[in-house]
Amino acid sequence: MKGARRSYGPLDYGRRLWLRITLWLSFVFLYAPIAILVVYSFNDSRRNIVWRGFTLKYYERAWNNDSLIQAFANSLTIAFFSTLFSVLLGMMTAVLLWRFRFPAKAPFEGAVSLPIIIPEICMGVAMMAFFARIGWPAGLPWPLNLGAITIAHISFSFPFVAMVVRARLARFNRELEEAARDLGASEWQAFRDVLLPYMKPGLIAGALLAFTLSLDDFVITFFTAGPETVTFPVKVYSMVRFSVTPEVNAASTVLLLITLVLTTTAILLQNRSGRD
Amino acid sequence: MNGNSPIISINSVSKTFPGGVQALDNVDLEICEGEFFALLGPSGCGKTTLLRILAGFEIPSTGDVFIDGKNMHRVVPNRRPVNMVFQSYAVFPHMTVADNVAYGLKVSGAERREIPGRVQDALDLVQLGEYGQRRPGQLSGGQVQRVALARALVKKPRVLLLDEPLSALDAQLRETMQLELVRLQQTVGITFVIVTHDQNEALSMADRIAVMDQGKVLQVARPGELYEFPRDRFVAEFIGKTNLFEGTNVGWEAGILSLLVNGLGRVELPCAEHLNHDVGLAVRPEKMLLLDERPDHGYLAFEAQVEKIAYYGSESRVFLATNRGLALEVSIRNDTRAAADEQISGLRWVAWRPEDTLILPD
């Protein structure tokens, strides 16, 4: 055959030049901006262009920026309550969908996962319109003023928890629960002693997912936040509108770190639950 | 067998599942105190549903269940004096062996100080005394089953229910566990109700067996009685091997029933009852003799051609066909070393005593 091309084995794709280039370009476009963000948070310069030496002063400045810290505290508070209720609601939804048969179950199941599918912007606008329409009280003392945002976050976080927990429940051996009942446990005791321990890895993974989702949500929060209820991502956005200072880099790096740690833990926990 | 008072009474229990599947059809059954009782039947016959009704996981559509004299209507599983060994064993994977066994005592409010001692006794009973701190994941299948047994027995139930307890074990272990279960039952003296589809399991372990098919109990009897005197065609075919013939009734006179059997010809059998309809005839393969010559009178004898021999070690099964095309199966004991090597072929006489013929009215 004239000009026969070199043939590659099924696992040799990495040897093709154009594939290698694509791969590395993807890596560059994915991670180079993040790397630059992190590196320049330590840059001793007001501008993000030239490297002028290492410093931690922008971390210090971010720490002393009261409104930024307030936004950070808001974000953590919202994330905490959103996670708490998302896990409770998500778990109950998962158990409901797993255990019971009821009319219109399929539409219900679809409706539950709707917040995962619909565009965030639509949800943000809808939330804003909803809270305006029902006249959600403004100007409440902290942390009650975070109620609207927290509710919005719960509504898009709990379907994720429900999905994770339900996936785990699908492999649950119902005889385990029956065995507990048979041995004298009430329905509640059987739930607490058998079903809950079984769901635990799913609940933890779901909780971490809900926490990170809430922590870095911008769009929906932006629409539901008031002037006194600025969260961290919204605050960063407003700071960037004036100028991109290393202070923003520093704050973003901290957020990145928190998200990274939580996501890694979630993945590790899920892998462990898959092995049981 | 040990006692005569019934510990379980099942009175005209039927169960229809949502969707219209009828699992049980008017079942009446009494199980005696201290008995090893087997529910035997093919899959889908309703035996597991019946067991789950006893445990309280299913509610009968109609009929009543009494356990220890009390009506179990609306009694939840955790308030019944029974415990169950599940088919999957359902040993809690997140608890140690000892915690598994202790669980039933803890949730039913046993004296806290007594629990460790009772758990250890139960584990000793199933020969797992040293394994208390292990996790179920570290045990073999047979050991996990013992944990399930100990966990159920530690509660000293009035009745122990076992759902296909041996089906997950390999053949060799299964035989050991059959003996083990009988020994255990005799030690603790608790009534055992076992569900199985394996006739050998039921025959070798149980004091009495209920044969079920399509939601009905067809016969309740001791193993020997069930094998030798099956009351209907299904039982005769389900328990052990059998030669089944269709007989056309040509007359009954003075205790002798004359029949015309397809493939055999005219057969005369002693029969006390005056029957005037067609019947089925059943003869066990080991009741038949394989002879070179036609036997003297006193036997029913037919000439048949040997077609195939299946060797089973202690016995061989000889498959024959009469000249009119009826298939027969004769079992012969290999009671000498020579017998095992014996080549059987050609035309032989198959003979059996008329009284070894079972008459199965349709």
Side-chain angles (χ1 to χ4, degrees), chain A residues 87 91 94-106 108 164-207 265 268-276, chain B residues 17-19 48 51-52 54-58 75-95 99-110 115 119 122 135-137 144 147-157 159-165 168:
Chain A
V87 167
M91 178 183 77
V95 173
L96 173 89
L97 288 173
W98 167 71
R99 170 167 299 173
F100 299 105
R101 271 192 288 177
F102 48 89
K105 182 175 171 175
F108 178 79
V164 173
V165 175
R166 191 161 182 224
R168 183 155 173 81
L169 278 177
R171 284 176 296 154
F172 181 72
N173 173 9
R174 273 176 194 224
E175 286 194 345
L176 286 173
E177 202 188 1
E178 288 179 345
R181 297 276 284 139
D182 183 68
L183 291 166
S186 62
E187 237 169 297
W188 160 245
Q189 282 171 322
F191 177 81
R192 185 195 63 192
D193 298 335
V194 178
L195 201 58
L196 205 58
Y198 183 83
M199 288 192 291
K200 204 167 87 185
L203 290 175
I204 294 171
T265 320
L268 287 178
L269 278 169
Q270 265 199 316
N271 285 351
R272 210 179 66 182
S273 74
R275 276 205 304 273
D276 291 345
Chain B
F17 283 109
T48 297
L51 197 77
R52 289 174 60 81
L54 293 179
F57 296 124
E58 305 287 354
V75 178
V76 289
N78 45 326
R79 299 239 179 273
R80 294 190 176 209
V82 301
N83 283 113
M84 187 150 163
V85 174
F86 290 84
Q87 189 169 13
S88 68
Y89 307 145
V91 168
F92 306 130
H94 59 286
M95 297 183 193
D99 287 341
N100 261 283
V101 178
Y103 184 76
L105 296 174
K106 277 180 193 155
V107 287
S108 51
I115 293 177
V119 167
R135 293 256 166 188
V144 173
V147 176
L149 272 168
R151 187 177 67 174
L153 285 171
V154 76
K155 292 206 67 191
K156 299 198 165 69
V159 180
L160 184 74
L161 309 171
L162 301 109
D163 186 7
E164 302 264 6

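Quick caveat, the model's predicted, so the values are computed rather than measured.
- Using a 4.5 Å cut-off between heavy atoms, B:Y103 touches chain A through its side chain atoms alone.
- Atoms CG and NZ, on A:D182 and B:K155 in that order, are 8.0 Å from each other to the nearest 0.5 Å.
- Of the candidates A:E175, A:E178, A:R174, B:F57 forms a side chain to side chain contact (heavy atoms under 4.5 Å, CB included) with just one, namely A:E178.
- Of the inter-residue distances, the one linking A:L176 atom CG with B:S88 atom OG reads 6.5 Å to the nearest 0.5 angstrom.
- Ranking B:R52, B:R80, B:R79 against chain A, the residue ahead of the rest is B:R52, based on heavy-atom pairs under 4.5 Å.
- When all heavy atoms are compared, the tightest approach of A:N173 to B:A90 is ND2-CA, 4.5 Å.
- Within residues 190-197 of chain A, the residues having any heavy atom closer than 4.5 Å to a heavy atom of chain B are A:A190, A:D193, A:V194, A:P197, listed by residue number.
- Note on B:V154, B:V82, B:N83, B:V85: by heavy-atom pairs under 4.5 Å with chain A, the leading option is B:N83.
- To the nearest 0.5 angstrom, A:R181 atom CZ is 13.5 Å from B:M84 atom CE.
- Considering only heavy atoms from C-beta on, B:V76 stays 4.5 Å or farther from A:S186 through its side chain.
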